[in-house]
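Please read the structure below before turning to the comments.
Atoms within each ligand, like the ligands themselves, are counted from 1 in listed order.
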Amino acid sequence: MTTQTPGTHAPGAPRLGNATALSCRECGKTSALGPQYACDECFGPLEVSYDFPRLTRASVESGPNNIWRYAPLLPVPADIASRPTTEPGYTRLIRADGLAAELGMRRLWIKDDSGNPTHSFKDRVVAVALAAATEMGFKVLACPSTGNLANAVAAAAARAGIRSVVMVPANLEGQKILTTAVYGGTFVTVDGTYDDVNRLASELAGEHEDWAFVNVNVRPYYAEGSKTLGFEIAEQLGWRLPDQIVVPIASGAQLVKIDKGFSELAGLGLVEDKPWRVFGAQATGCSPVAEAFGNGWDVVRPVKPSTIAKSLAIGNPADGPYVLDVVRRTGGAVADVSDPEIVDSIRLLARTQGVFGETAGGVTVGVLRKLLDSGQLDPDAETVIINSGDGLKTLDAVAPAVSVPAAIKPTVAAFQAAGFDGTDI
Ligand SMILES: Cc1ncc(COP(=O)(O)O)c(C=O)c1O
Ligand SMILES: [Zn+2]
C-alpha cells in the first residue's frame, strides 16, 4: 500500500496515471515510482501498484480502439492516447469453430495478436514501457530481444522520434532481422544466445543511465502492458472471463500478467469473479518451466535453448517461478511440444482457421492439443489461446513442410493436365 492519494503527485515523481508505487513481489517492500526494477531490500523483482478509480464498462468502451482504452489501469500518463505511439491492441478475438471441431472442443477462441503494428504482442508492452520511460526522462529506448521485441522497440522509437538500441542473437530468422533494421535505429547482432544478449544488456544498463532497456531497467512498467491481453479478451467475450487460457512462455511475463489482468477486472467489478485456469506452452528445445512444473519444483533450472521457436528461446526465464505460482494456483499446467509438432500445429491453425501464426503460435496450438489428449484441458470448457505473432516472420520454419506446385502454362489444357480440374482437389 502507498501513502499517496489518487490524484496527488509527489514533486519530481513521474506522472504515471493511477500508478502509485513499486512493490517487491518477494518481500512486499514499496518504493517510489522510478527506473528501479529490483528491491533494495531483497533484490526481488518490483511490480507496479495502483490506486484504481471507479471504472465502468461504458467508460472503457468509449475509449480508443487500442490499449489506451485501458489507460486508467496502466502506468502511463493520462494523456497517453494523444501522444505519438504505435497504438497497439484491440486485436481480433476469433471464434475458432474449425480448430475446435478438429480437436473435439466446444468453445474455442483465438486472440490473434499478429494484428498488432509490428505483428506481435510485443507492441503492447513496448508502448507502455515507452510511455513510462519518456515520463521518467529517458532519451533512448533499448532492449535485448528474441526478435519480436526488437521489431516493436525499433518501430515505437521511430514513431516517437527517439533513438533506439536493439540487440539480438545473430542467428535469428532473416525476416525478424530485416523487420528491425528497416526502422533505422542502432541494431546490434550478437554472436551468442538470447541469455548472453540479456546479460550484456544488463551490464550496459548500468553504464548508460539515460537508456531505457524496456525489459531490464523499466521492466515493471513494460510487463504491465501484457495485462491488456487479459482486459481485451474479457471485454471481447462480452465482459466475461474464459474458463481456460493457453499462453506461450519465454520469460513468462505475458502469462503472469494476463492472469493479473483477469484479477484486476474481477476486483473492479467489471467482470463477474469466477475461477479460470491458466496453461503455459513451451517448445521442448527450451522448456525449463515445463520441466519444473512436471517435476514439482519451485525453481526453474536454466537450459541452453535449441528450437525453431526462437521467439520463445529464453533458457533462464525471469518470470519462471511466478508462472509456476499462477499455473498451480489456478489448476492449470505447463507442457511442451517438439519442433515437428510446432510445424504441424502452425499448419493445423492455418488450415482450420485461416490464421498463419509464427512458431510461438504453433507451440501454443501444439500444447493445446497435447493437454486435451492428456485430459488436463477440459474440451467442454470455454477456452482462449493466444496467437502472439505472425507466421510471415518465421517462414523458414514451415518452408520445408509446405509444397508449392510447379508453374503451368496459362492454358486450360495445362490446367487440366496438371490435375487441377479433378474432383480430388
Ligand atoms: C511471439 C511471442 N510470443 C510469446 C512470447 C513470450 O513472452 P514472455 O517473454 O512475456 O513470456 C514472446 C517473447 O519474445 C514472443 O516473441
Ligand atoms: Zn524485496
Side-chain angles (χ1 to χ4, degrees), residues 22-31 36-47 91 111-116 118-126 129 143-153 168-169 172-173 175-176 179-180 194-195 197-198 214-215 219-220 222-230 246-260 278 280-283 286 288-289 300 305 307 309-320 322-323 326 334 342 346 357-365 367 385-394 397:
L22 294 172
S23 59
C24 174
R25 279 149 111 185
E26 290 301 320
C27 76
K29 186 179 178 218
T30 60
S31 37
Q36 203 185 332
Y37 58 103
C39 175
D40 50 23
E41 193 77 28
C42 75
F43 301 111
L46 300 177
E47 78 177 340
T91 55
K111 180 60 172 166
D112 186 14
D113 246 22
S114 65
N116 273 311
T118 70
H119 307 279
S120 88
F121 90 100
K122 292 291 185 183
D123 290 313
R124 298 174 183 274
V125 282
V126 169
C143 70
S145 169
T146 59
N148 285 308
L149 184 60
N151 295 174
V153 164
V168 298
L172 275 194
E173 297 92 343
Q175 291 87 16
K176 282 185 185 151
T179 49
T180 300
Y194 171 78
D195 297 286
V197 181
N198 192 33
V214 295
N215 49 345
R219 188 173 179 85
Y222 156 93
E224 289 290 286
S226 283
K227 292 192 308 189
T228 59
L229 271 164
V246 188
V247 186
I249 300 170
S251 74
Q254 182 188 171
L255 183 148
V256 170
K257 293 295 178 169
I258 288 175
D259 176 71
K260 187 179 184 217
V278 183
Q282 294 206 293
C286 182
V289 189
V300 174
T307 169
K310 294 183 182 175
S311 58
L312 303 183
I314 298 186
N316 189 11
D319 285 87
Y322 303 105
V323 168
V326 168
V334 186
I342 295 168
I346 291 174
E358 74 139 78
T359 44
V363 167
T364 308
V365 172
V367 163
I385 62 172
I386 308 284
N387 179 44
S388 49
D390 195 323
L392 288 172
K393 288 201 243 179
T394 59

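- For the pair D113 and K122, the salt-bridge criterion is not met [side-chain N within less than 4.0 Å of a carboxylate O].
- For ligand 1, the atoms closer than 4.0 angstrom to any heavy atom of P248 are 4 (C).
- By the 4.0 Å N-to-carboxylate-O rule, R219 lies close enough to D319 to be salt-bridged with it.
- At least one N or O atom of S251, backbone or side chain, sits closer than 3.5 Å to an N or O atom of ligand 1.
- We find the OH-OH distance between Y222 and Y37 to be 14.5 Å, quoted to the nearest 0.5 Å.
- Applying side-chain contact (heavy atoms from CB on, under 4.5 Å) to V126 and the options N151, N116, L149, N215 leaves one that passes, L149.
- A donor-acceptor contact closer than 3.5 angstrom is absent between the side chains of D112 and T91.
- Every N/O-N/O distance between I249 and ligand 1 stays at or above 3.5 Å.
- Remark: distances from the non-hydrogen atoms of S120 to ligand 1 are all 4.0 Å or more.
- The nearest protein atom to atom 11 (O) of ligand 1, hydrogens excluded, is given as G252 N, 2.7 Å; this is a heavy-atom distance.
- Put simply, the angle at the Zn ion (ligand 2) from SG in C24 to SG in C39 is close to 110°, to the nearest 10°.
- Going from atom NZ of K111 over to atom OG1 of T364 covers 14.5 Å, rounded to the nearest 0.5 Å.
- Which parts of ligand 1 touch A360 is read off a 4.0 Å heavy-atom cut-off, strictly below it: atoms 1 (C), 2 (C), 3 (N).
- Among all non-hydrogen protein atoms, the one lying nearest atom 1 (C) of ligand 1 is N148 ND2, 3.1 Å.
- Between the side chains of N148 and E358, at least one donor N or O sits under 3.5 Å from an acceptor N or O.
- The nearest non-hydrogen atom to atom 10 (O) of ligand 1, considering only K393, Q254, E358, comes from Q254.
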(message) Checking T179 against K393 for the side chain to side chain donor-acceptor pair (under 3.5 Å) test, could you report, in this order, the C-alpha distance in whole Å, the side-chain angles of both residues, the deciding distance, and whether it holds?
(response) CA-CA 8 Å; T179 49; K393 288 201 243 179; 5.3 Å; no

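- Each of the atoms 14 (O) of ligand 1 lies under 4.0 Å from some heavy atom of T146.
- For the residue pair Q254 and S388, no side-chain donor N or O sits within less than 3.5 Å of a side-chain acceptor on the partner.
- Protein heavy atom at the shortest distance from atom 3 (N) of ligand 1 is S388 OG, 2.6 Å.
- The shortest separation from a heavy atom of L312 to ligand 1 is under 4.0 Å, placing the residue in contact.
- Ligand 1 has no N or O atom lying under 3.5 Å from any N or O atom of F121, backbone or side chain.
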